[in-house]
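Worksheet: one structure, shown below.
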Amino acid sequence: MLRVWGVRTSWRTVGDGEFYCPDCGGDRNFRRRTGRRRLTVLGVPVLSRGSTGPVVECSTCSGRFDMEALDRPTSTRFSAMLRDGVHTTALAVLAAGGAAKGPREAAVAAVRSAGLADCTEEQLLTLVQALAADAGRLPGWTETPQDEPGGAALAIELREALEPLAPHLEPAGREAILLRGARIALADGPYAPAERETLQTVGEALRIPREDTERLLADAARTPS
């Protein structure tokens with residue numbers, strides 16, 4: 001039966017890129033599209049009904065999503081964010097505790113497990129020393145590492161690495177990063193004050209309630225290595 005009237009949308013591509021497609025369940029190319037809706041009579045457009053979009057259209061399944069779909073990182077980007085988050089946490093804890101042998105070994109294990117398989121103790125120590133040499137970033141680290149906090153600048157770097165990652169992790173994933181840092185700090189004995197302060201900053205950046213952070217740190221300290 002011939003349809004007398006209806007509404008037709010004409011789509012126009014205004015951009016493209018890569019995103020995580022919720023329907024496909026993986027990284028896909030997308031087209032960012034805007035549309036114009038028109039009333040049709042006997043299939044002929046006769047009257048504008050306004051604009052629609054923009055939308056994100058998957059190039060594989062043709063599913064259309066709100067622009068918020070681009071907020072979720074691609075799998076590749078998420079892996080890189082996770083590596084950076086663990087790496088920054090390891091450096092911060094090492095810097096706060098003085099980078100002794102035991103913590104360096106634990107930090108290397110944590111960073112390698114996050115995906116940086118070629119990480120070495122020498123690389124981490126060089127980075128910590130570079131942070132210490134950068135005026136204002138690790139005040140007092142070379143003189144009294146156990147008593148001085150890591151400095152406001154390093155706390156900012158922790159937040160920059162971890163806060164964008166937190167919304168995309170389940171609670172267990174956020175806790176796992178904190179516990180990796182805790183194991184590094186405990187590798188040479190109980191938490192130093194600066195180490196505990198650094199780990200509390202890690203918990204805050206990962207959106208872990210403070211009481212849960214304290215509980216996790218206490219549990220890690222009671223658990224044999």
Side-chain angles (χ1 to χ4, degrees), residues 17-20 25-29 72-138 141-142 145-146 149-151 153-189 191-192 194-199 201-203 205-206 208 216-217 220 223-225:
E18 188 178 45
F19 82 132
Y20 183 92
D27 296 347
R28 299 291 187 269
N29 292 324
R72 177 169 179 169
T74 63
S75 300
T76 301
R77 174 59 182 153
F78 176 76
S79 296
M81 292 170 65
L82 185 59
R83 289 194 300 269
D84 290 346
V86 173
H87 188 257
T88 304
T89 298
L91 283 177
V93 175
L94 285 179
K101 179 67 174 176
R104 290 204 308 269
E105 292 175 346
V108 168
V111 173
R112 286 179 176 175
S113 69
L116 292 172
D118 58 350
C119 177
T120 65
E121 289 184 40
E122 290 75 16
Q123 290 173 349
L124 291 180
L125 186 58
T126 297
L127 288 171
V128 171
Q129 290 172 338
L131 287 171
D134 191 353
R137 296 179 79 179
L138 294 178
W141 177 77
T142 54
Q146 283 76 28
L154 192 57
I156 292 173
E157 291 189 19
L158 269 175
R159 295 184 184 280
E160 288 177 346
L162 297 176
E163 286 180 348
L165 179 62
H168 308 292
L169 288 170
E170 295 296 326
R174 299 197 295 269
E175 291 177 1
I177 295 177
L178 176 66
L179 290 174
R180 285 180 179 182
R183 285 191 285 270
I184 294 170
L186 293 167
D188 63 344
Y191 302 113
E195 291 172 332
R196 180 175 286 277
E197 181 178 338
T198 297
L199 290 168
T201 300
V202 170
L206 289 170
I208 301 174
L216 290 165
L217 296 182
T223 303
S225 301

For Phe19, give me all partners under ring pair (Phe, Tyr, Trp, His ring centres under 6.0 Å), at least two apart in sequence or on another chain.
Phe30
Contacts under 3.5 angstrom, residues 117-124 side chains, donor-acceptor by atom type, not counting sequence neighbours:
{"residue": "Thr120", "atom": "OG1", "partner": "Gln123", "partner atom": "N", "Å": "3.1"}
{"residue": "Glu121", "atom": "OE1", "partner": "Lys101", "partner atom": "NZ", "Å": "3.1"}
{"residue": "Glu121", "atom": "OE1", "partner": "Arg104", "partner atom": "NE", "Å": "3.2"}
{"residue": "Glu121", "atom": "OE2", "partner": "Lys101", "partner atom": "NZ", "Å": "3.2"}
{"residue": "Gln123", "atom": "OE1", "partner": "Thr120", "partner atom": "N", "Å": "3.2"}

Name every donor-acceptor pair, under 3.5 Å, that has one atom in a side chain of residues 79-97 and the other anywhere in the protein, sequence neighbours excluded.
{"residue": "Ser79", "atom": "OG", "partner": "Ser75", "partner atom": "O", "Å": "3.0"}
{"residue": "Thr88", "atom": "OG1", "partner": "Asp84", "partner atom": "O", "Å": "2.8"}
{"residue": "Thr89", "atom": "OG1", "partner": "Gly85", "partner atom": "O", "Å": "2.8"}

Quick one: do Leu158 and Thr198 satisfy side chain to side chain contact (heavy atoms under 4.5 Å, CB included)? Show the steps, please.
CA-CA 9 Å; Leu158 269 175; Thr198 297; 4.0 Å; yes
With distance as the sole test, does Tyr191 use its side chain to make a donor-acceptor pair with the main-chain N or O of Leu217 at under 3.5 Å?
yes
Over all atoms of both residues, closest heavy-atom pair of Pro103 and Ala187:
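So the two residues come closest at N-CB, 3.6 Å.
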Partner residues of Arg196 under the salt bridge (Lys or Arg N to Asp or Glu O under 4.0 Å) criterion, sequence neighbours left out:
Glu214
Identify, with sequence neighbours excluded, every residue that meets side-chain contact (heavy atoms from CB on, under 4.5 Å) alongside Thr76.
Asp27, Thr74
Between side-chain atoms of residues 171-185 and protein atoms elsewhere (two or more places apart, or another chain), which donor-acceptor pairs fall under 3.5 Å?
{"residue": "Arg174", "atom": "NE", "partner": "Leu206", "partner atom": "O", "Å": "3.0"}
{"residue": "Arg174", "atom": "NH1", "partner": "Leu169", "partner atom": "O", "Å": "2.8"}

